[in-house]
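Everything on this sheet refers to the single structure shown next.
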4 protein chains.
Amino acid sequence: MAPRTEEQFTEIRNEKIKLIMDTALEAFAQNGYESTSISTIAKAAGISKGLMYNYFPSKVALLQRIIMEGMDVFMQFLEVKDESRIKKEELIQFIDGNLQSLKESTDYYRLYFSLIFQPKVFHLLGNDFMVIFEQLVNKFVLYFTQQGEKNPYGKARFILAIFDGVGIHYISDTEHFPLDEVRDMIVEML
Amino acid sequence: MAPRTEEQFTEIRNEKIKLIMDTALEAFAQNGYESTSISTIAKAAGISKGLMYNYFPSKVALLQRIIMEGMDVFMQFLEVKDESRIKKEELIQFIDGNLQSLKESTDYYRLYFSLIFQPKVFHLLGNDFMVIFEQLVNKFVLYFTQQGEKNPYGKARFILAIFDGVGIHYISDTEHFPLDEVRDMIVEML
Amino acid sequence: MAPRTEEQFTEIRNEKIKLIMDTALEAFAQNGYESTSISTIAKAAGISKGLMYNYFPSKVALLQRIIMEGMDVFMQFLEVKDESRIKKEELIQFIDGNLQSLKESTDYYRLYFSLIFQPKVFHLLGNDFMVIFEQLVNKFVLYFTQQGEKNPYGKARFILAIFDGVGIHYISDTEHFPLDEVRDMIVEML
Amino acid sequence: MAPRTEEQFTEIRNEKIKLIMDTALEAFAQNGYESTSISTIAKAAGISKGLMYNYFPSKVALLQRIIMEGMDVFMQFLEVKDESRIKKEELIQFIDGNLQSLKESTDYYRLYFSLIFQPKVFHLLGNDFMVIFEQLVNKFVLYFTQQGEKNPYGKARFILAIFDGVGIHYISDTEHFPLDEVRDMIVEML
DNA sequence: AATGAATGAGTCTTCATTCAT
DNA sequence: AATGAATGAAGACTCATTCAT
């Protein structure tokens, strides 16, 4: 057989990396980061422990990578055409995009929420959250200012808090939580 | 010399139990339950590891006790005069009571939220949560029904989700989160 | 009430000591020496841990005392009228006495046997065993020499080995082991 | 470099397992199961504590494996050609085989005897002992029935008790116990 | 790229013993 | 004579990480 090309190797690497990350995400979400061992992940992914360390320098690095890539997806819904002017439709799109990914990536959100309350672990993830979060706040402040809201900052923070609240309730009780109806209630508040 | 009286022993016990629980709550809240070792707690409390086990049969039993005693406090705000008829003032009192204890017992809420997403740990806490939560939902459903809301269940779940959202945002960013203004916005929604 | 006399105090002490020893013997026999904690014994005896140390300087001292007092009882059956001449009846009495105490003090024998194979623990008990055992051997050697047995020492050791074998089988399977029939078989061998 | 082949791994594993089991057997026999720590075994075997758990899931599992593999050896001497007819030579072979392995595997027998009297530990070993023991009893009962003995069951139990008695006496005093002469005395009883 | 044997620090937990009262 | 709170060393076990192959 002809030797594999550089691209093929890269592809294999990327596939393995994705496999490991997906497996780890599920395990972390189900049992918690601390309670999930590298062994467990390796076994579930069908690879050896050693290979894990070939792709990720440490357990926490694996976690970081997972969280960060999830953030990137999240970021997509945040983009607006005109930075100085935000339209209601864009916010609605943002909301719907998020709720959609909430439905599709429950594990990710569960992991995310389970980490957010552990300052020590959370800190390891860097301050990317802060930056993103601030951008978000700013956008909503801008929007509510445009709308003539008397307390745009307060309302912005309120809406974002509502978002997370809805997220954790949906995750904790996926079966019963009336996500679609709640979505409409949020939209009404804009 | 005569041995200590039963009361003396009881007093010693109660003091130590309180000391341990307070210390543990803080540590659990700061670093997470899994990441906090018994050693750490003992050191912080200024006692030996062994003494912990004199008062709590296990690490998880300590956690349970902490959570459950916190729940008892929480339950107070849930009481209403007439179970079949809920007044707006009562709900507002409930909200204010909760926000107040949120301000005062930040550590407790942080711990509470950090556990909710760790199914394995959470399960150990029994289903008391479920029961309390259902009672809460029912109360809000009843209230919104009285108010003639068209979707009382949806609104009830929404409000409760908002509660938790506000809680986690306040905890995560105590300094900046405009809790009092947000409180008014919640009350407006009733 | 008049103050207790010296004798009364001594009596109380002796009763407590007996209580502790009986309780400990049962526990040691049932669960093994290592697996039985001082706490367990104290609780079972209805006294405090501290009091235990009032009567016995250590756990192993308690064990030693139990074993030694049991040995004293055992020694009784060993006495013969004329040290230079041993009668068959005396040996039979010895055998019957032992089998009788085997039936009555199963716990003691169980403990005894459980210790005999742990050189480290066994050593703590001193060499009293050795002394007693040698006396026993000598007596049987003498007897079999009188009987004109061609290998008195071998036979003596054999008989004593048989004793222990019967003991452990009886203890291990009290229900089914035909102790009385076996007793006759031993006597026949004399 | 290429990873080791599966055979290489298997070989390493088997060697280590044997090393651990041999070391553990000696330690258990000398100091008793409870009194022997995993640390001690690891140190004696020249490996780390962690490695033990790579091969044995628990301390008790290690014990079980040691006992069970010893049982397999023991079982060999139990086989007879014709299950319905047992010849004296076969019994003698059984006896000699056992006495031989008693001489060679003193540690194993010491461990075995030390466990028999610790109900809690013994229970963990399952009831394989019971099954084997019953088979043994049955064989001797059959033999003595063939011989026209008036009380075959009693005699069978007696002989087996003698076996254990001889075993423990030989183990407890290997130097002086006249095993070969005693062997002849047992054979005479058949 | 891949394996899993090996390590050792760290975890929860137990328990004999001490000691103030 | 009596209590049980307090200690600390030790035990079984886990697991992230390293490394020879």
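In what follows, chains carry the letters A, B, and so on, assigned in the order in which the sequence lines appear, proteins first and then strands, with residues in each chain numbered from 1. What's counted below: heavy atoms across the whole structure, side chains too, no hydrogens, waters or symmetry copies. Computed from a prediction, not measured in an experiment: that's the story for all the values here.
Residue D/Gly46 is the one, among D/Gly46 and B/Ser37, whose nearest nucleotide of DNA chain E lies closer to the 5' end (criterion: closest heavy atom). Ranked by how close their nearest DNA chain E nucleotide is to the 5' end, B/Thr40 and D/Phe9 are led by D/Phe9.
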Residues D/Leu115, C/Phe117; criterion side-chain contact (heavy atoms from CB on, under 4.5 Å); working and verdict: CA-CA 9 Å; D/Leu115 293 176; C/Phe117 299 103; over 6 Å; no
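If you take NZ of A/Lys43 and C1' of F/dC15, they are 12 Å apart, rounded to a whole angstrom. In this structure, the CE atom of C/Met52 is 10 Å from the P atom of E/dA16, given to the nearest Å. D/Ile20 places its CD1 atom 8 Å from the P atom of E/dA6, with the value rounded to the nearest Å. Rounded to whole angstrom, the span from the CG atom of D/Leu51 across to the C1' atom of F/dT18 amounts to 14 Å. Spacing between atom CG of B/Leu63 and atom P of E/dC12 amounts to 12 Å, rounded to whole angstrom units. As a whole-Å value, the separation of C/Gln64 CD from E/dA16 P is 15 Å. We find that CD of B/Gln8 is positioned 20 Å from P of E/dC19, with the value rounded to whole Å. At whole-Å resolution of the value, CD in C/Glu34 and P in F/dA10 are 15 Å apart.
With distances taken from any side-chain atom of B/Arg4 to the nucleotides E/dT7, E/dT21, F/dA6, the minimum falls on E/dT21. The side chain of D/Tyr55 sits closest to E/dA6 out of F/dA2, E/dA6, F/dA5. Here E/dT18 is the nucleotide among F/dT3, E/dT18, E/dC12 with the atom lying nearest to any side-chain atom of C/Tyr53.
B/Lys59 comes within 4.0 angstrom of the backbone, heavy atoms only, and of no base. Heavy atoms of D/Ser58 sit under 4.0 angstrom from primed sugar atoms or phosphate atoms, though from no base atom. Residue A/Phe56 is classed as having no contact, given no heavy-atom separation below 4.0 Å to the nucleic acid. At the heavy-atom level, C/Thr36 lies under 4.0 Å from the strands shown only through sugar-phosphate atoms. In this structure, D/Ile38 reaches the sugar-phosphate backbone alone: every heavy-atom distance under 4.0 Å involves primed, P, OP1 or OP2 atoms, never a base.
In this structure F/dT21 sits in a base pair with E/dA2, meeting the Watson-Crick or G-U test at under 3.5 Å. E/dT13 is paired with F/dA10 under the criterion used here, namely a Watson-Crick or G-U wobble arrangement in which both key atom distances are under 3.5 Å. In this structure, F/dA16 forms a base pair with E/dT7, meeting either the Watson-Crick or the G-U wobble geometry with both donor-acceptor distances under 3.5 Å.
Phosphate contact (OP1/OP2 of E/dA1, side-chain N/O of A/Arg13, threshold under 4.0 Å): present. For F/dT17, neither phosphate oxygen OP1 nor OP2 lies less than 4.0 angstrom from any side-chain nitrogen or oxygen of A/Lys49. Neither OP1 nor OP2 of F/dA6 sits under 4.0 Å from any side-chain N or O of B/Asn54. The shortest distance between the side-chain N/O atoms of D/Lys16 and the OP1/OP2 oxygens of E/dA6 is below 4.0 Å.
Side-chain contact between D/Ile38 and D/Tyr53 is present, with heavy atoms from C-beta onward closer than 4.5 Å. Residues C/Met21 and C/Ile17 are in side-chain contact: their nearest non-hydrogen atoms beyond the backbone lie under 4.5 Å apart. Using a 4.5 Å heavy-atom cutoff, the side chains of D/Tyr55 and D/Leu51 are in contact.
Figure legend: cation-pi geometry between B/Lys59 and B/Tyr33, with NZ or CZ positioned under 6.0 Å from the six-membered ring centre and within 45° of its axis.
Between the side chain of D/Tyr108 and the backbone N or O of D/Ile67, at least one donor-acceptor pair lies under 3.5 Å.
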